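Structure record follows, encoded as structure tokens.
In this text, all values refer to a predicted model and were calculated from it rather than measured experimentally. Counting begins at 1 with the first residue of the sequence.
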Amino acid sequence: MGTLSVAVSRAGHGRYCADVDFHRSTLVAQAAELASGRITSVEAVTASLDRIGRSQPTLNAFRIVRRSAALAEAAEADRQLAAGTRAPLLGVPIAVKDDVDIAGEPTAFGCAGDFPAATADSEVVRKLRAAGAIIVGKTNSPELGQWPFTSGTFGHTRNPWNRERTPGGSSGGSSAAVSAELVSAALGSDGAGSVRIPASWTNLVGIKPQRGRISTWPDPEAFNGITVIGPLARTVADAALLLDVVSGSHDGDKHRPAPVTVSDAIGRDCGPLRIALSLRKPFIPTPAALDPEIAAAAYEMAAVLRLLGHTVVVDDPAYGMLLGLNFLPRSLAGVAAWLDRLPDPSLADPRTRANATSGRVLAGAPLRAARAAEPRIGRRIGRFFDDYDIVLAPTTATPPPRVDAIDGISNADTDRVITEHCPYTWPWNVLGWPSVNVPAGLTRDGLPIGLQLMGHESSEPLLVSVAAQLENVLQWHRRRPEPWWTESCETS
């Protein structure tokens with residue numbers, strides 16, 4: 001039986017709670033239930049905070065839990081709801097990654113040290129608040145988002161599908177929180193796959209949007225333009241709604257793409273598309289074999305797309321070595337800049353300090369050359385889209401590895417582990433174009449698999465439309481992990 005077929009056959013496996021529970025509702029449904037008065041925001045936020053509290057000793061998804069502040073904000077949301085005020089997410093509990101500022105809370109970004117409280121909200125947090133969302137906490141990230149493993153001074157964040165496996169990174173706290181249904185959706189950030197990789201390993205939809213789609217202010221850009229903020233959710237509609245709510249530019253942003261609305265693309269007939277199935281790994285310095293179960297899932301997904309009326313052929317973008325050489329100066333110079341912000345850089349992981357040292361060397365002429373080469377690289381790879389509308393590719397080369405796979409090893413060994421497991425996602429960060437992870441079933445061991453839909457500039461609506469078509473067939477949101485992180489399954 002194929003990977004996707006195995007996954008579908010296991011959709012009901014495990015000890016699951018009744019689907020009528022609010023916390024098992026989608027983000028879209030939760031907003032509607034709050035607007036209708038069927039539940040109050042204080043009730044919804046209290047339930048979310050209680051689930052976070054019970055899971056934190058084992059799952060460890062959060063760095064900061066805003067219990068008092070979130071309950072006060074929920075009470076105000078209830079007053080607004082009672083007065084007839086409506087907003088897209090009014091009263092809904094949401095989580096954000098600990099790399100964005102919330103006024104009154106520290107932003108540690110996975111690092112050790114005594115961090116001061118932020119004095120103002122990041123622009124993306126301001127937009128969440130304007131939409132009425134209640135931010136229940138800030139989720140864990142590895143140091144400065146460098147690794148696809150979420151661990152560090154705060155311990156290990158674990159995968160809801162298997163406690164011995166990582167949920168990925170660097171948005172692993174957000175993905176664990178959504179997959180474990182502590183919240184219905186969360187924000188992460190993606191500098192080399194850091195939304196898509198954890199989405200892949202926790203059975204979620206993860207959108208890496210067009211560069212600049214979501215403001216990174218107070219930074220005009222993040223990590224020299226490779227990092228963007230993006231949503232993680234169980235359904236395409238939820239991810240699209242969250243993306244629409246937080247999209248938009250700040251006057252100080254370096255990148256300001258023309259606005260798009262992606263929620264409208266769900267259910268829209270996008271017509272027959274030309275899709276390239278690409279299993280070739282982009283340039284990487286060390287070998288990385290594609291797991292046979294993931295390869296099989298890619299071919300099965302291609303078959304589903306053909307049944308949906310699309311043409312799928314095997315072909316690969318011309319990545320080239322220059323793309324990899326473009327990524328490193330931007331990434332490592334970004335690490336160096338962030339390390340200088342820390343209250344005590346000496347507390348950072350030795351690998352972080354080594355990466356920052358390399359970043360300072362690369363921050364001059366190599367970084368300027370990398371930025372100057374961006375348009376040429378974009379034009380070369382962009383020609384691939386003269387023949388295709390979308391690229392379908394693996395999100396990772398393997399299922400989620402053990403949670404401790406990079407503990408206590410050298411920088412070089414860490415890089416080898418990362419490239420072994422995650423060689424596929426980073427090119428779209430260099431290009432700045434959108435990509436969406438979609439769940440693609442489970443391995444024989446019950447571990448999630450993800451594939452990414454990759455598009456040209458500002459193609460989020462097209463990618464979301466196709467992702468919604470796939471979800472309608474595959475129904476991945478009906479698969480849930482068995483809740484090992486709590487003593488018993490919650491019931492309404």
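- The closest side-chain heavy-atom distance from V438 to Q452 is not below 4.5 Å.
- T216 and K254 share no side-chain donor-acceptor pair at under 3.5 Å.
- When only modelled atom types and interatomic distance are considered, R351 and T414 share a side-chain donor-acceptor pair under 3.5 Å.
- Side-chain contact between L89 and L242 is present, with heavy atoms from C-beta onward closer than 4.5 Å.
- Under the 3.5 Å distance criterion, with hydrogens and angles disregarded, no donor-acceptor pair is assigned to the side chains of E293 and T443.
- The shortest heavy-atom contact between L204 and A233 is CB-O, 3.4 Å.
- No side-chain heavy atom of W217 sits less than 4.5 Å from a side-chain heavy atom of S122.
- Put simply, the side chain of S170 never gets that close to the backbone of Q146: no donor and acceptor are under 3.5 Å apart.
- N159 CG to R165 CZ: the interatomic distance, rounded to the nearest 0.5 Å, is 9.0 Å.
- Taking 4.5 Å as the limit, every side-chain heavy atom of V125 sits out of range of all side-chain heavy atoms of L187.
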Requested in this report: Could you give me the CA-CA distance, side-chain angles and deciding distance for K97 and S174, then say whether side-chain hydrogen bond (donor to acceptor under 3.5 Å, both in side chains) is met?
Outcome: CA-CA 6 Å; K97 186 177 177 179; S174 288; over 6 Å; no
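- Separating the CG atom in L462 from the CD1 atom in I390 is a distance of 4.0 Å, to the nearest 0.5 Å.
- The backbone N or O of F327 sits nowhere less than 3.5 Å from a side-chain atom of S331 that would complete a donor-acceptor pair.
- The neighbour count for D114 CG, taken as heavy atoms of other residues, nucleotides or ligands under 6.0 Å away, does not exceed 12.
- Judged by distance alone, the side chain of D98 and the main-chain N or O of G110 form no donor-acceptor pair under 3.5 Å.
- Under 4.0 Å is where a charged nitrogen must lie from a carboxylate oxygen, and between E420 and R416 no such pair does.
- Under the 3.5 Å distance criterion, the side-chain polar atoms of D190 are left unmatched by any main-chain donor or acceptor of V228.
- In this structure, A95 and T139 approach most closely via the heavy-atom pair CB-CG2, 3.9 Å.
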Report task. Kindly determine whether T150 and N140 satisfy side-chain hydrogen bond (donor to acceptor under 3.5 Å, both in side chains), including the steps that lead there. Result -> CA-CA 7 Å; T150 299; N140 275 324; over 6 Å; no
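- Listed for the E143 side chain is no donor-acceptor partner under 3.5 Å among the backbone atoms of A348.
- Side chains of I207 and V436 form a contact here, defined as non-hydrogen atoms less than 4.5 Å apart.
- The distance from atom CZ of R256 to atom OG of S249, rounded to the nearest 0.5 Å, is 5.0 Å.
- Applying the salt bridge (Lys or Arg N to Asp or Glu O under 4.0 Å) rule to pairs touching residues 205-220 yields R211-E374, R213-E460, D219-R341, sequence neighbours excluded.
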Report task. List the steps, then state whether side chain to side chain contact (heavy atoms under 4.5 Å, CB included) holds for R196 with W428. Result -> CA-CA 11 Å; R196 290 162 289 161; W428 251 240; 4.0 Å; yes
Query - Residues D389, V466; criterion side chain to side chain contact (heavy atoms under 4.5 Å, CB included); working and verdict - result: CA-CA 11 Å; D389 300 296; V466 175; over 6 Å; no
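- The closest side-chain donor-acceptor pair between D407 and H156 falls under 3.5 angstrom.
- For the 3.5 Å distance criterion, the side chains of D101 and T107 qualify, holding a donor opposite an acceptor.
- In terms of heavy-atom proximity, P209 sits nearest to G230 at CD-CA, 4.0 Å.
- With 3.5 Å as the limit, one finds no donor-acceptor pair spanning the side chains of T396 and H421.
- Here the straight-line distance linking atom CG of L279 with atom CG of L290 works out to 6.0 Å at 0.5 Å rounding.
- Residue D121 holds its CG atom at 4.5 Å from CZ of R129, rounded to the nearest 0.5 Å.
- Contact check for P142 versus F149: no side-chain heavy atoms found under the 4.5 Å cut-off.
- Counted by atom type alone, E471 and T235 present zero donor-acceptor pairs between their side chains at under 3.5 Å.
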Query raised in the report: Can W484 and N162 be said to form a side chain to side chain contact (heavy atoms under 4.5 Å, CB included), step by step?
Result: CA-CA 9 Å; W484 57 262; N162 186 313; over 6 Å; no
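- Annotation: side chain of L34 is in contact with side chain of F22 (closest heavy-atom distance under 4.5 Å).
- In this structure a side-chain-to-backbone donor-acceptor pair under 3.5 Å is missing from E181 to V178.
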Query raised in the report: Between S179 and W161, does a side-chain hydrogen bond (donor to acceptor under 3.5 Å, both in side chains) hold up when you go through it step by step?
Result: CA-CA 8 Å; S179 185; W161 291 83; 3.1 Å; yes
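- Here CG of N437 is found 9.5 Å from CD1 of I197. Values are rounded to the nearest 0.5 Å.
- Side chain of E457 to main chain of Q210: no donor-acceptor pair is present (N/O by atom type, distance under 3.5 Å, no hydrogens or angles).
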Requested in this report: Apply salt bridge (Lys or Arg N to Asp or Glu O under 4.0 Å) to the pair D99 and K138, showing each step before the final yes or no.
Outcome: CA-CA 8 Å; D99 62 346; K138 303 182 79 177; over 6 Å; no
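- Shown here for P167 and S175, the closest heavy-atom pair between the two residues is O-OG, 3.5 Å.
- In this structure, P448 and L442 have side chains that are in contact, with non-hydrogen atoms separated by less than 4.5 Å.
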Query - Stepwise side chain to side chain contact (heavy atoms under 4.5 Å, CB included) check, V136 with V183 - result: CA-CA 9 Å; V136 293; V183 289; 3.8 Å; yes
